[in-house]
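Order of appearance sets the numbers: ligands from 1, and atoms from 1 within every ligand. For the numbers below, each heavy atom of this structure counts, side chains included, while hydrogens, waters and symmetry mates do not.
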Amino acid sequence: MTTVRNPVLPGCYPDPSVCRVGDDYYLVTSTFEYFPGLPVFHSRDLVAWEQIGHVVDRAGQLDLDGIASSGGLYAPTIRYDGGTFWVVCTLVDQQDPDRGGNFLMTAQDPAGPWSDPVWLDADGIDPSIFFDDDGRVWLHGTRLAREPQWHDQTEIWVRELDRETRRLVGREHVVWTGALRDVVWSEAPHLYRVDGTYYLLTAEGGTEFHHAVSVARAESVTGPYTGNRANPVLTHRHLGRDVDVVGVGHADLVEDPVGRWWAVLLGMRPYGGYHYNLGRETFLVPVSWEDGWPVFAPGEGRVPAEVEVPVAAPRPLGTAQGSTSGVVPPDDLRWTSLRRPAAEFATPAGQGWTVRMRPTTLAEAGVPAFLGVRQQHRDVDVRATLRVEPAAGEEAGLVVRQSEQDHVRLFVTTGPGPAAARRVAAVHRRGGVEVDLGSLPVDEGRVTLTVRARGQEYVLLAGTPGAAPATVGVVDGRTLDSVTTGGFLGLWVGVYATSNGRPTDTVVDVEHLEYLPGAGTGRATAEA
Ligand code: 6LW
């Protein structure tokens, strides 16, 4: 018996989907405009999740260019059947209908390579795929109801997929619009067959405060589905906002090798008021069956802070993904760029990167020179040591990123004007408006920039390596989370370099980026 502390994946890992192959579990989550997309995690005990790759990891596989923040890759489902791993997902906001919408990718090895997309003739979001015992394959998803009876009513549809041609065939069946009357956003459907009965697990209420998990069952895969009288079978919305975890939903079920059931689902941990800068995270919940229905967190009825996992090998608390502390080397799978591969502007160099500055800014939905990692801890220092000689108006440094419209930059720059002194400046782009937070002169040569998050206080520091840094600015983190800004994302922290639209040859030598959770508290645990 091992105790695991929730969340099992801290930081922005929303919409988890899980499957099991023998003793191995595989899990994927949404990544929106970030590249590579759709991280694949492996676990043998549901506790320790090691990232093994990404589903979307090469140029030309999908086109994310131009897709604004919180568009892009939504809610993948992962399944295994017939020796093949299958992922279905949606590319949202791609204007070209031949290169957007719902798609399918397959792989023989979940670490990759994954196939190019097979585009599916299905609208809406949150596709899932169900392999029935008789060999038939059923795709399902959600979309706005064609004939809505209430505002934001969605409908869950089910349609057969031809395994060979990978095309949808036969009639479509609309099977569900939510457990409760007037409920918004019945979504995230997943079908299962347990002891001969078909179960439809869904989220409803929207992916924020009112999020909930509901379940229905049927004798036939295409329905009719009858809702559980206990619906919603899991939610935290009745607990109010002053609680450790809110917004739980978007669950996927998996049975372990000894017949116990588990759910992975998303939830948010507010701190400093009703704000959740780490975004929607992945939690693990035990599930039992009573009277032919799943019971989530039996005896407790809410996402447990700690879960007893009988199948896990003993391991200390806090060793889950995300507790890694120190330099993030170039081959670390936590690195992401925006929309396209980082190789287009960055080359690994020792423990860090050589970054070729780009005219594209972080305010554009293009491909800025940006390389970052998720903020996975409330208290963390993210520190980069870099060398750059920026031309007037150019900037290179660290960014705390929510979106194009909302982010905070701490950067080395020069000028403008005759007093073209080299300095470190801090700017908060808030709702698309740039606000100067401060600046201070800095010598030629190497500079260390630090974002120091302590709860909702983000202190921006700069100095020469090894010397005590000075504060350039301070930001209230509550201005950056999606409760304030909208969108679906938690925060990222990373290095970036832009010439603000001008042609440039400037190169930034990023010696390294360090991610130091719990810095200052001496703790490095997933919950810090
Ligand atoms: C996801 C959907 C949702 O596809 O958020 O509001 C989307 N609901 O289930 C992005 O995570």
Side-chain angles (χ1 to χ4, degrees), residues 7 9 11-18 27-34 37-39 55-56 62 64 67-78 87-94 100-103 120 122-129 139-145 151-157 176-179 183-191 200-214 232 234-237 246-253 263-268 276 278-283 374 402-403 481-483 485-492:
L9 289 179
C12 184
Y13 290 109
D15 310 324
S17 172
V18 66
L27 183 149
V28 291
T29 65
S30 301
T31 44
F32 305 90
E33 72 273 24
Y34 286 97
L38 311 182
V55 176
V56 178
L62 284 180
L64 294 168
I67 292 179
S69 181
S70 283
L73 293 172
Y74 281 23
T77 297
I78 187 165
V87 159
V88 287
C89 186
T90 317
L91 174 52
V92 175
D93 288 346
Q94 167 56 260
N102 290 302
F103 65 86
L120 299 167
D123 53 4
I125 58 169
D126 295 4
S128 186
I129 187 166
L139 204 80
H140 39 298
T142 190
R143 63 173 178 230
L144 282 167
H151 183 63
D152 278 349
Q153 182 187 0
T154 56
E155 58 195 22
I156 309 292
W157 55 267
W176 192 245
T177 56
V183 80
V184 299
W185 291 103
S186 173
E187 59 190 4
H190 291 302
L191 283 170
L200 174 66
L201 193 69
T202 55
E204 62 186 54
T207 191
E208 292 162 349
F209 180 71
H210 295 100
H211 215 192
V213 180
S214 289
L234 185 70
T235 184
H236 279 198
R237 62 191 176 201
V246 297
V248 307
H250 207 118
D252 195 9
L253 292 172
V264 292
L265 47 80
L266 73 80
M268 302 83 89
Y276 37 83
L278 309 188
R280 297 174 300 154
E281 311 177 274
T282 290
F283 292 77
R374 291 163 178 80
Q402 165 65 238
S403 66
D481 85 315
S482 64
V483 174
T485 66
F488 289 126
L489 289 160
L491 299 182
W492 256 249

Ignoring angles and geometry beyond distance, decide whether D15 reaches within less than 3.5 Å of ligand 1 through its nitrogen or oxygen atoms. yes
Need the ligand 1 atom indices (1-based, order shown) with element for anything under 4.0 Å from a heavy-atom of A75. 4 (O)
Taking side chain as C-beta onward, heavy atoms only, is L73 less than 4.5 Å from V56? yes
Can you name the closest pair of heavy atoms from H140 and P189 and give their distance? CD2-O, 3.7 Å
Please write down residue, atom name and distance for the protein heavy atom closest to atom 2 (C) of ligand 1. D126 OD2, 3.3 Å
What are the two closest heavy atoms between L253 and L201, and how far apart are they? CG-CD2, 3.8 Å
Using a 4.5 Å cut-off on heavy atoms from C-beta on, say whether the side chain of T202 contacts that of W176. yes
Any W492 side-chain heavy atom under 4.5 Å of R374 side chain: yes
Heavy atom of F488, distance to ligand 1 below 4.0 Å: yes
For ligand 1, which atoms have a heavy atom of H250 less than 4.0 angstrom away? 9 (O)
Between E187 and ligand 1, is there a nitrogen or oxygen pair with a distance under 3.5 Å? yes
Could you tell me the residue and atom name of the protein heavy atom closest to atom 7 (C) of ligand 1, and the distance to it rounded to 0.1 Å? Y74 CD2, 3.9 Å
Is R280 in contact with ligand 1, taking contact as a heavy-atom separation below 4.0 Å? yes
Donor-acceptor pair between D252 and S17 side chains, under 3.5 angstrom: yes
